[in-house]
Amino acid sequence: MLSRRNFLTGSALALVSATAVSGRTAMAAIPEAPTMSSAAMQPPIPPANGQEYQPVVTLNGWTLPWRINGEWKEFHLVAEEVEREIAPGMIAKLWGYNGQAPGPTIEAVEGDKVRIFVTNRLPEHTTVHWHGVLVPNGMDGVGGLTQPHIPVGQTFVYEFQLNRSGTFMYHPHSDEMVQMAMGMMGTFVVHPKDPAFRRVDRDFAFVMSAYRFDPGTSLPQVTEMTDFNIWTFNARVFPGIDALPVRLGDRVRIRIANLTMTNHPIHLHGYHFAVSCTDGGWVPESAQWPETTVDVPVGSIRAVDFTADVPGDWAFHCHKSHHTMNAMGHQVANFIGMRQRDLSVAVNRAAPTAMAMGTDGMADMGMMSMPLPANTLPMMTGTGQFGPIEMGGMFTVVKTRADLASGDYRDPGWYKHPPGSVASVVDATPESAPTAPAMHMRQD
Ligand SMILES: [Cu+2]
């Protein structure tokens, strides 16, 4: 293993620029490459001197620190093998950047000149494409087309000016199928130069990725095209995904990027939102309409803005119901209404721990802690203050509270409902039931 000192020296000597002006930067020292060992949401980084914006918070992620060098903001990405905790109980061996997959969020301001060093510590070549960022052609990161692939062990530098604000991504354009299926991606946020433009009080971001892990394994099946079983927000699944803590009355933005291989209708309870931004820029207000679900196509970003004007624990999830499940077999028959008792007796002779399930639906899966193969997760899980939540995958909660301090992103726990405001059981015996039929009768 190289020490960091050796690594910095070595990569400075081996520096190859993606630009035609390599001589200018070839001798520059490379900034440190910070690394992150935790999959927990890290606090945002305040703006650099003289700049004003609401820093973005990455769900179960972090922001890549930068340094100022003259008129440049300098970043250092390291493409490498990582171990990512998908949720407590499951570790995936992925490829990512600076210790995590997805990589850290790159954050800058419209007008910034950015210099991004990319060191390749993968076993094969790579590149970085800045998805949605308008860059000179030679900075576009398409291996073979706009630059040579970054060989193993080498460092390339990308330099460009950020002329437009918005929400973007980065990912390889080298052996793309494998490298994205292995988790290589990240979010790239460019704040408007005018801090008042579409200003929000809380700004969240994440990228969606999907994997097929055969139970008990830790490497994703990179050739899978359709049958994925782990659907993630920032390579985490419920109940491992951070909540989104929000102060009552806040203007909130959630930036949702999609690098899975299918679309995701992302649904928010409690509020109406509007799509304020895509990876193509800001949507004019005259072109927005109120929504509660936004379909995020593959290779796209939708940022939604809303005012959190009602307190509570509001579900936020993909509306494809199999995307709010964790690892599950997809060849299970529908047993609803079938009598399995005789079958169970026969099966138990051969497999004494086998259990007949599904006769009355699958909710019991949410309550049962059946023995699982190593390194996998229950299909539906998570427990709230009223019992099993019966979710997994792409599900989390917007937690809106009146007593949250601005800038406090700690999980505030479960919502305390005002007395009498929770749906509850009533006496439904025929004598006490309200007489409903009247409303269906026509008065001719
Ligand atoms: Cu989905």
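In listed order, ligands and their atoms are each counted from 1. These figures come from a predicted structure and were not determined experimentally. These numbers come from the heavy atoms of this one structure, side chains and all, not from hydrogens, waters or symmetry mates.
Between Tyr53 and His191, the ring-plane angle classifies as parallel under the 30° and 60° cut-offs.
The ring pair (Phe, Tyr, Trp, His ring centres under 6.0 Å) check on Tyr170 picks up Tyr97, with sequence neighbours excluded.
At least one test fails for Lys320 against the ring of Trp231: distance under 6.0 Å to the centre or angle within 45° of the axis.
In the model, Asp112 has a side-chain atom that pairs as donor or acceptor with a side-chain atom of Gln51 under 3.5 Å.
For the Cu ion (ligand 1), the neighbouring protein N/O/S atoms at less than 2.8 Å, given as residue and atom, are His264 ND1, Cys318 SG, His323 ND1.
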Problem set entry | Test side-chain hydrogen bond (donor to acceptor under 3.5 Å, both in side chains) applied to Tyr271 and Trp314, step by step | CA-CA 9 Å; Tyr271 310 108; Trp314 300 109; 3.2 Å; yes

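For the side chain to side chain contact (heavy atoms under 4.5 Å, CB included) with Phe238, the qualifying choice from Thr324, Ile389, Asn326 is Ile389, the only one to do so.
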